[in-house]
**Q** 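Encoded as structure tokens, here's the structure I'll be asking about.
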Amino acid sequence: MLKRYCIILIVFLTTQGCQSSNTKVQSVPQNSRNPMSPAVYQSRLKTGIDVDWVKTNSGRIAIQKSHDDGINVPAIFKERGFGHVRIRLSENILDNSTDITGKTLMQELIDVVDDCVEAGLIPIIAYQAKDFKLNPTDDNALSDVVEWWAAVAKRFKNYPYVVAYDLIIETTEEIKNHNDRLNLLYQEATQRIHQIDAERIVIVAPNNISSAYKLKDLVVPQPYDYMMVEWHFYAAGPSRTNPKKLWTTGTEAEKEIISNIITTAKKWSDDNAIPVWVGAWRANRYTKNSTETLYDGAPGGGEYNVTEQVEIADYISKALQSQNIPYAVNSDTKFFNRDTNEWYASMSSVLDAMLQ
């Protein structure tokens, strides 16, 4: 009898230990654990937001403090109406340093993704790949990005298929002059990821700051079964002077600049049968290094007041939604106080226009 009791106790404790380490992953809906087509994935994204939870030092410290205090910040974003977050990273995931938060960057990412999955908020992991963008002809720089994604793919292999990989945050720097190397990176990184996790959604972006007008030069790795494309515009906001992103009072000509870009992306998507997603846009062009704030501490400054931002946000949101293109707003710090885990009331009307 005693022997039987001991066996039962050992099995119970072992089972509990296994369950506790995977509670958040196992608690998601069953259909999120089944592979999904890019079209289905696109339809689930809705409105999202770019976050620096695992990118900037201040962002990393704040999110980990909340996590360790038992506060699920992604759940707060889900409750506000967001469908997904674009989790941007700039550091090397293979670095085991714990200097910033007391945890490795990989563990920080795991904590954030776990909280997203538990909250029902779709997490898209996006990598800065700075060295490669600066030195695109360097084979070692390219190889480092591939190895970065291989490490991520291995770690999240058994996660629900709501987790997706956005291979590069933004195609800037020297890479703009080496489209062949960008396409090569996509080919090698996608192949490596799908060798590890064959049915995971992988997202690639066109060159020249992820421009819709450069989609024609993008070579999406085949097969397309689990491939999507990210493009974006107005990531730093519209401008009162730049003719390529001009917005003064929202004239028909200014709106046409926006609609033409969206139409170009939509046509490319339809012609190639590859779903697209906008990874970043915003309704204000903030002054660099400005310390100005609104009455509740929200970042202030920039070219447009709140009323103007609402008008811009309303137009861009509706223009994208009319073409069934989901999007992520840039970014969390403009709307959310990470010290108090509360939304800035001063920016609520802008956020409402984006979330409509």
Side-chain angles (χ1 to χ4, degrees), residues 21-22 24-26 28 32-38 40-42 44-45 51 53-55 74 84-97 103-118 121-133 139-171 181-205 219-230 274-275 277 279:
S21 63
N22 293 291
K24 294 183 178 181
V25 174
Q26 297 300 324
V28 301
S32 295
R33 295 198 228 157
N34 298 327
M36 64 187 85
S37 69
V40 170
Y41 192 77
Q42 181 197 49
R44 292 187 181 185
L45 290 177
V51 295
W53 296 338
V54 202
K55 184 171 181 277
H84 70 275
V85 284
R86 188 179 185 223
I87 304 169
R88 302 180 291 191
L89 293 92
S90 59
E91 288 82 4
N92 190 344
I93 204 77
L94 304 175
D95 183 0
N96 288 321
S97 170
K103 303 177 185 180
T104 64
L105 186 68
M106 179 68 87
Q107 186 57 55
E108 291 178 37
L109 180 60
I110 291 168
D111 289 346
V112 166
V113 171
D114 281 351
D115 283 350
C116 285
V117 170
E118 183 181 47
L121 186 69
I122 295 174
I124 300 176
I125 301 170
Y127 185 40
Q128 180 78 10
K130 183 177 181 180
D131 288 345
F132 172 71
K133 290 190 293 187
D139 288 341
N140 289 329
L142 189 150
S143 178
D144 285 346
V145 179
V146 174
E147 290 306 313
W148 193 97
W149 279 113
V152 171
K154 289 174 184 176
R155 185 58 187 82
F156 293 98
K157 179 180 180 179
N158 297 318
Y159 270 64
Y161 285 98
V162 291
V163 181
Y165 304 145
D166 184 10
L167 295 190
I168 196 164
I169 292 176
E170 190 175 57
T171 50
R181 296 290 291 182
L182 180 65
N183 286 325
L184 178 62
L185 171 71
Y186 290 155
Q187 182 64 45
E188 294 194 3
T190 300
Q191 182 179 21
R192 187 68 180 279
I193 290 169
H194 282 160
Q195 286 173 346
I196 298 166
D197 193 355
E199 297 167 314
R200 184 72 55 186
I201 296 287
V202 173
I203 305 169
V204 296
V219 179
V220 180
Q222 295 189 28
Y224 299 156
D225 299 28
Y226 298 102
M227 298 300 301
M228 278 184 65
V229 167
E230 183 274 333
I274 301 175
W277 155 68

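Values reported hereafter were calculated over all heavy atoms of this structure, with side chains retained and with hydrogens, waters and symmetry mates removed. Numbering starts at 1 and runs along the sequence shown.
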**Q** Between Q187 and N183, is there a side-chain donor-acceptor contact under 3.5 Å, judged purely by atom types and distance?
**A**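 Looking only at side-chain atoms, Q187 and N183 do not form any donor-acceptor pair under 3.5 Å.
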**Q** Taking the side chain from S143 and the backbone from D139, do they hold a donor-acceptor pair closer than 3.5 Å?
**A**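 Absent.
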**Q** Are any side-chain N or O atoms of E230 and backbone N or O atoms of G279, one a donor and one an acceptor, separated by less than 3.5 Å?
**A**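 Checked: pair present.
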**Q** What's the spacing between N92 CG and D131 CG if we round to 0.5 Å?
**A**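 CG of D131 is found 9.0 Å from CG of N92.
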**Q** Quick one: closest heavy-atom pair of P74 and L121, and the distance?
**A**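 In terms of heavy atoms, the two residues are closest at O-CD2, 3.6 Å.
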**Q** Strictly distance-based, threshold 3.5 Å: is any side-chain N or O of K55 a donor or acceptor partner for the main-chain N or O of Q128?
**A**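 Here the side-chain-to-backbone pair does not exist.
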**Q** Within the side chain of R200, is there an N or O that forms a donor-acceptor pair under 3.5 Å with the backbone of V163?
**A**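 Judged by distance alone, yes, a pair lies under 3.5 Å.
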**Q** Of the non-hydrogen atoms in R86 and I169, which two are nearest, and what is the gap between them?
**A**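 Heavy-atom minimum between the residues: NH2-O, 2.6 Å.
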**Q** Quick check: closest heavy atoms across W277 and M228, and the distance to 0.1 Å?
**A**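 Heavy-atom minimum between the residues: CB-CE, 3.9 Å.
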**Q** Please determine whether side chain to side chain contact (heavy atoms under 4.5 Å, CB included) holds for the pair E147 and R192, giving the CA-CA distance in whole Å, both sets of side-chain angles, and the decisive distance to 0.1 Å.
**A** CA-CA 8 Å; E147 290 306 313; R192 187 68 180 279; 2.6 Å; yes
**Q** Could you tell me which non-hydrogen atom of V54 sits nearest to which non-hydrogen atom of E91, and how far apart they are?
**A**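 Scanning both residues completely, I find the closest heavy atoms to be O-OE1, 3.9 Å.
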**Q** What is the ring orientation for Y165 with W149, classed by angle as parallel under 30°, tilted 30 to 60°, or perpendicular over 60°?
**A**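 Judged by the thresholds at 30° and 60°, the geometry between Y165 and W149 is tilted.
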**Q** Enter the distance from I203:CD1 to Y41:OH here, rounded to the nearest 0.5 Å.
**A**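 Rounded to the nearest 0.5 Å, the CD1-OH separation comes out at 5.5 Å.
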**Q** Is there side-chain contact between P221 and M227, with at least one heavy-atom pair below 4.5 Å?
**A**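 In short, these two side chains touch, coming nearer than 4.5 Å.
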**Q** Find out whether P38 and I201 are in side-chain contact, i.e. whether some heavy atom of one side chain is under 4.5 Å from a heavy atom of the other.
**A**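 In short, these two side chains touch, coming nearer than 4.5 Å.
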**Q** Quick check: does any side chain N or O of Y159 sit under 3.5 Å from a backbone N or O of D114, one acting as donor and the other as acceptor?
**A**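 Side chain of Y159 to backbone of D114, a donor-acceptor pair under 3.5 Å: no, none is there.
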**Q** Can R88 be said to sit on top of Y127's aromatic six-ring, NZ or CZ under 6.0 Å from centre and within 45° of the ring axis?
**A**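 Cation-pi check for R88 and Y127: fails.
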**Q** Which of these passes side-chain contact (heavy atoms from CB on, under 4.5 Å) with V202: D197, D166, L167?
**A**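 One option only clears the test, and that one is L167.
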**Q** State, to 0.1 Å, how close A189 and V146 come at their nearest heavy-atom pair, and which atoms those are.
**A**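 What the structure gives for the nearest pair is N-CG2, 4.0 Å.
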**Q** Roughly how far, to the nearest 0.5 Å, is CD1 of I168 from CG of L182?
**A**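 That separation rounds to 6.0 Å.
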**Q** Show your reasoning for whether side chain to side chain contact (heavy atoms under 4.5 Å, CB included) applies to V85 and V112.
**A** CA-CA 11 Å; V85 284; V112 166; over 6 Å; no
**Q** Distance from I196 atom CD1 to R155 atom CZ, nearest 0.5 Å?
**A**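 With rounding to 0.5 Å, CD1 (I196) is 13.5 Å from CZ (R155).
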**Q** Do the side chain of K103 and the main chain of L109 share a donor and acceptor less than 3.5 angstrom apart?
**A**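 Checking the backbone N and O of L109 against the side chain of K103, no donor-acceptor pair under 3.5 Å is found.
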**Q** Taking the side chain as every heavy atom from C-beta outward, state whether I125 and L89 have any pair of such atoms under 4.5 Å apart.
**A**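 Yes, side chains in contact.
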**Q** Rounded to the nearest 0.5 Å, what separates atom CE in M106 from atom NZ in K154?
**A**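 Here the rounded value is 10.0 Å.
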**Q** If I compare all heavy atoms of I87 with all of P123, which pair ends up nearest, and what's the gap?
**A**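 Taking every non-hydrogen atom into account, CD1-CB, 3.8 Å.
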**Q** When rounded to the nearest 0.5 angstrom, what is the spacing between CG in L185 and CG in D144?
**A**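 Reported value, rounded in 0.5 Å steps: 11.0 Å.
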